[in-house]
Every structure is written in structure tokens, then in C-alpha cells.
Amino acid sequence: TGAMPSAADKVSIAYKGTLASDGSAFDASERAEFGVNEVIPGFSEGLMLMKVGARIRVCIPAALGYGARGAGQIRANAGLVCAMDQLTI
């Protein structure tokens with residue numbers, strides 16, 4: 001139950017990002033704050049589907065992640081999985 005963020009909102013959330021291919025973690029935070037439109041498109045879309053108090057797991061295809069460029073330990077065209085909870089707007 002609860003409100004859902006829009007693209008213009010700032011949120012606070014706990015999350016863990018893993019590579020879909022092998023489950024290795026690439027990022028995590030117990031409490032991160034950012035604008036919904038300041039993250040990769042797949043993460044942003046997942047946030048806007050989430051209600052305050054919910055816990056979700058989002059599978060992000062490469063086209064909505066880092067695509068052909070990759071980023072750090074995320075190789076090009078990698079699918080991602082992000083577990084998110086403790087959302088506040």
C-alpha cells in the first residue's frame with residue numbers, strides 16, 4: 001500500500017544490484033537518495049511501479065540498463081537484477 005513515485009520525485013531506498021548472468025553483486029546501498037529520473041531507465045521504471053512499503057525485484061534488460069557501453073564491472077549488453085525495498089518519497 002502507499003504512494004508511488006513519479007519521474008519528478010526524489011526517493012530514498014535500499015537496493016542491491018546483481019548481474020543476471022551469474023548473480024554477482026555490482027552495487028548495493030542500505031539507504032540511497034536520488035531523483036527517480038537520475039538513474040538508468042530500468043531502475044527508474046521499477047521505482048515508478050513500486051509503492052511505499054513494498055519490496056520488489058526488477059529484471060532489467062541491457063537496453064534499459066547500461067547497454068553496449070557497460071559500466072565498471074558491468075560488461076556491455078548485460079542484464080541486471082535489482083532488489084529494492086524501504087522506499088520513501
Side-chain angles (χ1 to χ4, degrees):
T1 63
M4 296 169 69
S6 71
D9 286 323
K10 296 272 186 194
V11 298
S12 177
I13 192 165
Y15 70 89
K16 180 178 180 182
T18 60
L19 299 176
S21 61
D22 65 6
S24 62
F26 63 85
D27 194 14
S29 178
E30 290 186 25
R31 185 58 48 194
E33 295 182 12
F34 47 79
V36 172
N37 62 354
E38 296 174 357
V39 293
I40 59 172
F43 198 92
S44 179
E45 286 184 22
L47 285 169
M48 290 187 288
L49 294 172
M50 190 173 184
K51 293 183 178 186
V52 170
R55 175 180 286 173
I56 66 170
R57 185 174 174 174
V58 180
C59 297
I60 302 173
L64 296 177
Y66 293 95
R69 74 182 189 279
Q73 68 189 61
I74 302 170
R75 70 184 193 306
N77 300 313
L80 310 173
V81 177
C82 292
M84 300 184 248
D85 66 7
Q86 302 175 27
L87 173 71
T88 59
I89 301 173

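Everything numeric in this text was worked out from a predicted model, so none of it was measured.
Met84 and Phe34 fall within the same hydrophobic cluster, defined by Ile, Leu, Val, Met, Phe, Trp and Tyr side-chain heavy atoms under 4.5 Å apart, directly or through other members. Residues Leu64 and Ile74 are members of one and the same hydrophobic cluster, defined by side-chain heavy-atom contacts under 4.5 angstrom among Ile, Leu, Val, Met, Phe, Trp and Tyr. The hydrophobic clustering, which links ILVMFWY residues whose side-chain heavy atoms are closer than 4.5 Å, places Val58 and Ile40 together. Residue Ile60 is grouped with residue Met48 when hydrophobic side chains (ILVMFWY) are merged at heavy-atom distances under 4.5 angstrom, including chains of intermediate members.
With sequence neighbours left out, the salt bridge (Lys or Arg N to Asp or Glu O under 4.0 Å) criterion links Glu45 to no other residue.
Side chains of Phe43 and Leu80 form no contact here, defined as non-hydrogen atoms less than 4.5 Å apart. Contact of the Arg57 side chain with the Thr18 side chain is not registered, since no non-hydrogen atoms from C-beta on lie closer than 4.5 Å. Residues Met50 and Ile13 are in side-chain contact: their nearest non-hydrogen atoms beyond the backbone lie under 4.5 Å apart. Residues Gln86 and Glu30 form no side-chain contact, since every pair of their non-hydrogen atoms from C-beta on lies 4.5 Å or further apart. Between Tyr15 and Val39, the closest side-chain pair of non-hydrogen atoms is not below 4.5 Å.
Checked by atom type and distance alone, the side chain of Ser44 pairs as donor or acceptor with a backbone atom of Val36 at under 3.5 Å.
Minimum heavy-atom separation, Val81 to Cys59: CG2-SG, 4.3 Å. The two atoms that bring Ala76 and Ala68 nearest to each other are CB-O, 3.1 Å, heavy atoms only. The nearest pair of heavy atoms linking Met4 to Asp9 is O-OD2, 4.5 Å. Counting all heavy atoms, side chain and backbone alike, Cys82 lies closest to Gly17 at SG-CA, 4.1 Å. For the pair Gln73 and Phe26, the tightest heavy-atom approach, listed with the atom from each and the gap, is NE2-CA, 3.3 Å. Nearest heavy-atom pair, Arg31 versus Ala14, reported as atom, atom and distance to 0.1 Å: NH1-N, 4.4 Å.
How far NZ of Lys10 is from CG of Asn37: 7.5 Å, rounded to the nearest 0.5 Å.
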